[in-house]
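Working notes, beginning with the structure itself.
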Amino acid sequence: MKKKEVVKQSYQSQEYDKIFKENIEELIIPFAEKLLNINPKNLREIPNDLQTTLERKPDFLKKVIADKSQKEKIKDFILHIEFQTVDEKDMAHRMNEYYAILYRKHKLDVHQYVFFIGTGKAKMKQIIEAKNLSFRFEVINMQDFSYELFLNSNKPEEVILAILADFGKTDSDTIIKNILQKIKDLPIENSIQKKTVIQLEVLSKLRKLQSQIIEQLNAMALTYNIEEDLRYKQGELKRAVESITEMLKDGLAYEKIAKYAKVSKEFVEEIAKQIKK
């Protein structure tokens with residue numbers, strides 16, 4: 001893979017992560033209810049300071065309070081969710097690290113889920129079997145669910161997830177038209193509508209539907225010009241890479257560069273690798 005393509009792919013991964021981190025509090029309600037069968041009223045905040053121990057911070061952590069009124073004896077537990085665009089082969093080891101630290105700290109079982117939002121179904125290893133160790137986590141593929149499950153929502157953060165779900169026998173043009181129409185019809189402010197359309201465009205890249213999004217926008221009465229934003233983001237990527245390259249040449253630590261450039265440490269490391277080649 002060429003240098004520009006690797007950097008671009010890494011930058012796009014940053015965009016996907018940003019969307020889910022921005023929307024996580026709104027998204028977790030439908031995820032908990034529809035996909036995990038968890039009552040969101042039972043979710044409680046817990047300290048999310050694992051980044052002092054691990055390089056990465058978990059995407060989502062909450063304590064789930066058991067419903068004591070039910071006959072089944074269910075204990076409180078920690079809910080841990082990660083969102084993945086890449087079918088990472090070592091994901092099981094990363095999840096196992098999270099589990100060990102969380103269990104030691106909270107003394108509660110940890111229910112772990114990886115939501116795979118890439119194309120197709122994830123084939124990542126979910127089980128570790130070794131001497132004195134038996135570990136597993138659950139993978140949930142977005143394309144196992146019908147797009148209607150998300151399209152019928154009244155929350156814009158949830159509606160745009162329809163672009164990642166199973167289209168069934170419906171063609172992509174119809175799906176995109178329905179998503180954009182739903183965004184247009186929702187009783188939300190123009191600023192929220194604009195943000196939602198931007199996020200939809202970013203997610204559409206995962207399904208190679210970006211050009212169709214632009215075509216549909218041009219045909220609809222949405223006031224947002226996405227093509228102008230695309231040109232801006234391309235320039236933004238170029239400026240970010242140039243800035244990070246200069247800081248690397250000056251010998252700054254990866255962590256500081258990531259902080260100054262507002263990107264992840266992994267993105268800085270990827271650029272550093274390309275420079276050394």
Side-chain angles (χ1 to χ4, degrees), residues 11-36 38-41 43-45 48 57 59-62 81 83 85 115 117 142 145-165 167 170 172-237 239-240 261-264:
Y11 187 78
Q12 287 176 341
S13 180
Q14 298 288 319
E15 291 182 300
Y16 306 139
D17 290 343
K18 183 180 178 182
I19 289 174
F20 281 91
K21 284 179 172 62
E22 285 179 350
N23 295 342
I24 190 65
E25 293 299 329
E26 293 296 328
L27 289 176
I28 203 58
I29 302 301
F31 274 139
E33 285 182 312
K34 297 178 180 179
L35 307 185
L36 304 180
I38 295 173
N39 186 342
K41 293 180 180 179
L43 296 177
R44 299 292 185 275
E45 293 290 340
N48 189 354
K57 183 178 180 180
D59 288 341
F60 180 83
L61 280 179
K62 282 284 193 297
I81 296 176
F83 295 95
T85 60
F115 283 89
I117 60 176
M142 286 295 290
F145 301 93
S146 170
Y147 75 95
E148 293 177 331
L149 182 68
F150 304 102
L151 184 64
N152 293 330
S153 171
N154 288 320
K155 293 184 177 181
E157 301 88 354
E158 188 178 352
V159 171
I160 60 175
L161 295 181
I163 200 72
L164 302 177
F167 291 179
T170 308
S172 57
D173 278 332
T174 300
I175 299 289
I176 292 170
K177 182 179 180 180
N178 290 340
I179 294 173
L180 290 173
Q181 188 63 53
K182 185 61 179 281
I183 293 172
K184 183 181 178 182
D185 293 341
L186 287 174
I188 55 178
E189 297 177 3
N190 288 338
S191 59
I192 301 299
Q193 185 184 89
K194 177 180 178 180
K195 174 186 173 183
T196 303
V197 173
I198 292 174
Q199 293 181 339
L200 174 65
E201 177 270 320
V202 173
L203 292 179
S204 72
K205 297 176 186 177
L206 288 167
R207 298 293 181 263
K208 295 181 169 53
L209 296 172
Q210 185 183 35
S211 61
Q212 290 175 249
I213 293 283
I214 294 173
E215 289 176 7
Q216 291 279 5
L217 279 169
N218 289 335
M220 295 180 69
L222 282 171
T223 58
Y224 175 59
N225 188 335
I226 202 167
E227 289 180 305
E228 290 181 2
D229 185 74
L230 289 175
R231 286 193 291 271
Y232 167 77
K233 284 195 290 186
Q234 289 169 357
E236 184 183 42
L237 170 59
R239 289 191 295 272
K262 296 182 180 180
V263 297
S264 72

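For the numbers below, each heavy atom of this structure counts, side chains included, while hydrogens, waters and symmetry mates do not.
- To the nearest 0.5 Å, atom CD of residue Gln210 and atom CD of residue Glu201 are 4.5 Å apart.
- One finds the NZ atom of Lys195 at 11.5 Å from the CD atom of Glu189 (value rounded to the nearest 0.5 Å).
- For Phe167, there are no ring-ring contact (aromatic ring centres under 6.0 Å, His included) partners, not counting sequence neighbours.
- Taking the side-chain hydrogen bond (donor to acceptor under 3.5 Å, both in side chains) definition, one finds that Gln181 meets it with Asp185, sequence neighbours left out.
- In this structure Leu186 satisfies the side-chain contact (heavy atoms from CB on, under 4.5 Å) test together with Asn154, Pro156, Val159, Lys182, Ile188, sequence neighbours excluded.
- With sequence neighbours excluded, the residues satisfying side-chain hydrogen bond (donor to acceptor under 3.5 Å, both in side chains) with Gln212 are Ser172, Asp173.
- When side chains are defined from C-beta on, Ile163 does not count as touching Leu206, because their heavy atoms never get closer than 4.5 Å.
- A pairwise comparison of heavy atoms in Gln216 and Leu180 identifies CB-CD1, 3.5 Å as the closest pair.
- Remark: Asn152 pairs with Glu148 by the side-chain contact (heavy atoms from CB on, under 4.5 Å) rule, at least two apart or across chains.
- Glu215 contributes atom CD, which lies 10.0 Å from atom CD1 of Ile213 (distance to the nearest 0.5 angstrom).
- Scanning for side-chain contact (heavy atoms from CB on, under 4.5 Å) contacts around Thr174 gives Thr170, Asp171, Asn178, with sequence neighbours left out.
- Put simply, the side chain of Asp59 does not reach to within 4.5 Å of the side chain of Ile81, judged on heavy atoms.
- Note: Leu161 CG to Leu200 CG = 10.0 Å, rounded to the nearest 0.5 Å.
- Side chains of Ile160 and Ile183 form a contact here, defined as non-hydrogen atoms less than 4.5 Å apart.
- Expressed to the nearest 0.5 Å, how far CE of Met142 lies from CG of Leu149 amounts to 8.5 Å.
- Side-chain contact between Lys62 and Arg44 is absent, with no heavy-atom pair separated by less than 4.5 Å.
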